[in-house]
There are 2 protein chains.
Amino acid sequence: MTDFLPPIQTTARDDAVLKALAGFVMQEKLGPGEKLPTERILAERLKVSRNTVREALTRWEGLGLVERRQGSGTYLKAAVSLDMLHMPLTLAGGNDFAGLMSTLEIRRALEAEAAALCAVRAGKAEIAEIERKLDIMEEAFQTRAGMSSDEDWEFHQAIFRASGNPLFEQIIAAMYELFHRFWEHPLGVRDFGHASFPYHRTIFNCIAAHDPEGARAEALKLIATVEDDLKRGAANLKLSDRK
Amino acid sequence: MTDFLPPIQTTARDDAVLKALAGFVMQEKLGPGEKLPTERILAERLKVSRNTVREALTRWEGLGLVERRQGSGTYLKAAVSLDMLHMPLTLAGGNDFAGLMSTLEIRRALEAEAAALCAVRAGKAEIAEIERKLDIMEEAFQTRAGMSSDEDWEFHQAIFRASGNPLFEQIIAAMYELFHRFWEHPLGVRDFGHASFPYHRTIFNCIAAHDPEGARAEALKLIATVEDDLKRGAANLKLSDRK
DNA sequence: TGCAGAAATTGGTTGGACCATTGAACCACT
DNA sequence: AGTGGTTCAATGGTCCAACCAATTTCTGCA
């Protein structure tokens with residue numbers, strides 16, 4: 001007895017709309033930044049109500065695939081294809097010390113692995129790009145006395161991108177906001193991140209030398225210094241809370 | 001000259017609806033599985049159109065926070081709070097060999113770190129729970145001649161849960177579907193996963209002995225065997241493609 | 001009491017209308 | 001030429017009222 005009967009598909013209007021739209025995007029080879037048809041046109045072409053089109057687009061908007069600008073149109077924000085897989089993560093309450101430590105543990109896991117992979121796989125072009133970001137970051141660090149979080153971030157992004165695995169960049173990009181909530185309010189530690197500065201170049205050196213285990217070790221050291229800074233900040237905060 | 005003028009915030013109806021709804025859920029202490037008010041009631045109470053309520057709920061549904069059942073109602077699927085952070089990941093084309101290898105690299109990074117953290121933090125209760133899952137899995141493995149993917153999964157989940165960091169479980173749970181697409185069609189390798197079987201107990205032993213580096217090493221070995229199986233499968237597939 | 005059918009409830013869809021924002025075209029003035 | 005203002009069409013955002021489809025609840029008959 002075959003007990004696997006696929007669930008019957010009665011009505012899944014907006015899903016169908018999304019599938020059709022994804023097909024359209026692929027066929028027209030639309031990339032990020034390009035404008036897709038207006039809601040009214042989509043509704044007419046797909047023979048559904050404009051409201052249904054809107055619900056479908058709302059889903060894509062929530063997934064960050066699309067951006068809607070009133071009065072202007074709807075624009076692609078990322079590459080879409082028919083066989084996309086969505087993994088929406090929602091994590092609650094990252095506003096406290098424990099929450100930030102949690103994200104740092106994730107970052108330690110990913111950053112170490114990505115640095116190692118990068119050391120194995122990065123080609124000449126990728127290494128040059130990483131070094132460029134590193135130079136920019138060091139320049140900013142000197143000029144602005146340690147405030148180089150944006151440039152710092154771009155350096156790490158370049159490593160993730162060169163790891164040859166798009167998932168690293170995606171996951172870490174999704175957590176960017178979470179990290180940066182704190183970067184802005186570094187728990188009272190004024191020189192937050194200073195200690196981690198030198199490791200950026202040591203990581204790069206290992207990558208350029210194609211030394212995966214070295215890169216992994218240096219990445220771990222970097223995260224460890226950030227953790228220390230954080231703990232120090234939390235201790236300060238506790239003291240000042242107590243007044 | 002200050003060249004940073006933040007864009008002004010005019011109207012954001014559906015966002016406001018979600019915020020209000022999140023507040024309501026918190027106030028009423030609604031948990032997963034519980035039913036929330038009708039769309040019509042929400043529309044009336046919030047003084048917005050039912051359409052707007054629907055757009056807001058559609059976003060939550062897309063994020064997996066809520067489930068809508070026609071004729072029945074809308075039900076919470078996860079805990080929601082006001083300070084949630086959403087990180088929708090969408091990855092394209094996970095249907096090929098490269099896509100699965102990508103997910104395995106993520107899994108290697110997270111699984112190793114989680115096992116190590118677990119070895120440090122797991123208490124008696126957590127260790128007992130993990131051993132229970134391990135026993136179930138080994139039982140299933142003996143009985144069903146190697147088909148124990150569900151039980152296998154629960155074992156790993158238990159480790160993630162005992163790592164003391166909820167993010168591990170969330171990320172890996174989000175990738176569950178991706179992993180299991182292949183578990184079902186293991187590229188023609190009939191004994192897929194057999195080689196990894198013994199490492200489950202060695203991982204557990206290290207955790208129970210509070211040996212983080214040992215647990216990390218065993219976890220890495222486990223992933224390595226899965227990677228080998230996968231490569232073997234890909235090779236087979238290539239051969240059979242060629243007929 | 002048990003159960004089939006009616007009725008109410010609830011999410012899903014439709015079509016039409018109007019509002020708010022945007023951007024382009026046009027125009028007047030300098 | 002360029003600056004600023006006006007008009008106007010296009011587009012997303014919101015609203016309304018009705019109906020459809022699935023589900024749940026109620027009702028009344030056997």
Side-chain angles (χ1 to χ4, degrees), chain A residues 5-22 24-25 28 30 32-78 80, chain B residues 5-22 24-25 28 30 32-78 80:
Chain A
L5 290 178
I8 184 167
Q9 205 64 356
T10 63
T11 49
R13 284 288 233 255
D14 41 5
D15 249 2
V17 168
L18 284 187
K19 236 171 66 180
L21 194 51
F24 173 80
V25 169
E28 298 285 316
L30 296 182
E34 297 198 71
K35 183 176 170 182
L36 35 86
T38 69
E39 297 177 349
R40 290 173 171 85
I41 292 184
L42 285 175
E44 182 196 357
R45 291 279 205 281
L46 298 172
K47 296 285 183 222
V48 296
S49 148
R50 193 181 145 215
N51 253 324
T52 305
V53 172
R54 280 189 116 296
E55 293 231 348
L57 285 179
T58 299
R59 273 230 265 287
W60 270 14
E61 189 187 25
L63 261 38
L65 295 179
V66 117
E67 178 181 354
R68 289 150 120 172
R69 287 206 286 272
Q70 183 174 173
S72 177
T74 305
Y75 300 83
L76 276 178
K77 271 177 68 179
V80 306
Chain B
L5 289 177
I8 81 174
Q9 199 65 353
T10 61
T11 51
R13 280 288 233 267
D14 42 4
D15 252 0
V17 168
L18 284 186
K19 237 171 64 180
L21 195 51
F24 172 81
V25 169
E28 299 285 317
L30 296 183
E34 298 198 71
K35 182 177 170 182
L36 37 85
T38 314
E39 296 178 351
R40 290 173 172 86
I41 293 184
L42 285 175
E44 183 195 357
R45 291 279 205 281
L46 297 172
K47 295 285 183 225
V48 296
S49 144
R50 195 182 144 213
N51 243 323
T52 307
V53 172
R54 279 185 65 67
E55 291 229 351
L57 286 178
T58 298
R59 273 229 268 287
W60 270 13
E61 189 187 28
L63 260 39
L65 294 178
V66 115
E67 178 182 353
R68 282 143 91 145
R69 287 207 285 270
Q70 184 174 174
S72 177
T74 304
Y75 300 83
L76 277 177
K77 270 178 68 179
V80 304

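In what follows, chains are A, B, ... by sequence order, proteins preceding strands, each numbered from 1.
- If you measure from atom CD of B/Glu39 to atom P of D/dA18, you get 18 Å, rounded to the nearest angstrom.
- A close approach under 4.0 Å does occur between a side-chain nitrogen or oxygen of A/Thr74 and OP1 or OP2 of D/dG12.
- Residue B/Asp14 is tested with B/Arg59, B/Lys19, B/Arg54 for a salt bridge (charged side-chain N to carboxylate O under 4.0 Å, His left out); the sole match is B/Arg59.
- With respect to the salt-bridge test (charged N to carboxylate O, under 4.0 angstrom), the residues A/Glu67 and A/Lys77 do not qualify.
- Contact between the side-chain N/O atoms of B/Thr52 and the OP1/OP2 oxygens of D/dG13 is not found at any separation under 4.0 Å.
- Between A/Ala20 and A/Leu46, the closest heavy-atom pair is CB-CD2, 3.9 Å.
- The interatomic distance linking B/Lys35 (NZ) with D/dT23 (C1') rounds to 10 Å, in whole Å.
- With hydrogens and angles ignored, a donor-acceptor pair under 3.5 angstrom links the side chain of A/Arg40 to the base of D/dG12.
- Here D/dG13 is the nucleotide among C/dG11, D/dG13, D/dT23 with the atom lying nearest to any side-chain atom of A/Arg68.
- The backbone N or O of B/Arg40 lies less than 3.5 Å from no partner atom in the side chain of B/Thr38, so there is not a single donor-acceptor pair.
- Counting to the nearest Å, the C1' atom of D/dT11 and the CD atom of A/Glu67 are 14 Å from each other.
- In this structure, CG of B/Leu42 is placed 13 Å from P of C/dG12, rounded to the nearest angstrom.
- In this structure, A/Glu55 and A/Val17 have side chains that are not in contact, with every pair of non-hydrogen atoms separated by 4.5 Å or more.
- Taking every heavy atom of both residues into account, B/Tyr75 and B/Gly33 meet most closely at CD2-O, 3.7 Å.
- Separating the CD atom of A/Gln70 from the P atom of D/dA9 is a distance of 18 Å, rounded to the nearest angstrom.
- Only A/Val48, A/Ser49, A/Arg50, A/Asn51, listed by number, bring a heavy atom of residues 43-51 of chain A to less than 4.0 angstrom from any atom of DNA chain C.
- Rounded to an integer number of Å, the gap from A/Tyr75 OH to D/dG12 P is 8 Å.
- When the P atom of D/dT25 is taken as reference, atom CZ of B/Arg69 falls 12 Å away, rounded to whole Å.
- Distance CG (B/Leu57) to P (D/dT14): 14 Å, rounded to an integer number of Å.
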Should B/Thr58 and B/Arg68 be marked as a side chain to side chain donor-acceptor pair (under 3.5 Å) after you check the CA-CA gap, both sets of side-chain angles, and the distance that decides it? CA-CA 9 Å; B/Thr58 298; B/Arg68 282 143 91 145; 3.3 Å; yes

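- At a threshold of 4.0 angstrom between heavy atoms, the contacts of A/Arg54 include nucleobase atoms, whether or not backbone atoms are also involved.
- Closest approach to the B/Thr38 side chain among D/dT23, C/dT10, D/dT11 is made by C/dT10 (side chain taken as heavy atoms from C-beta onward).
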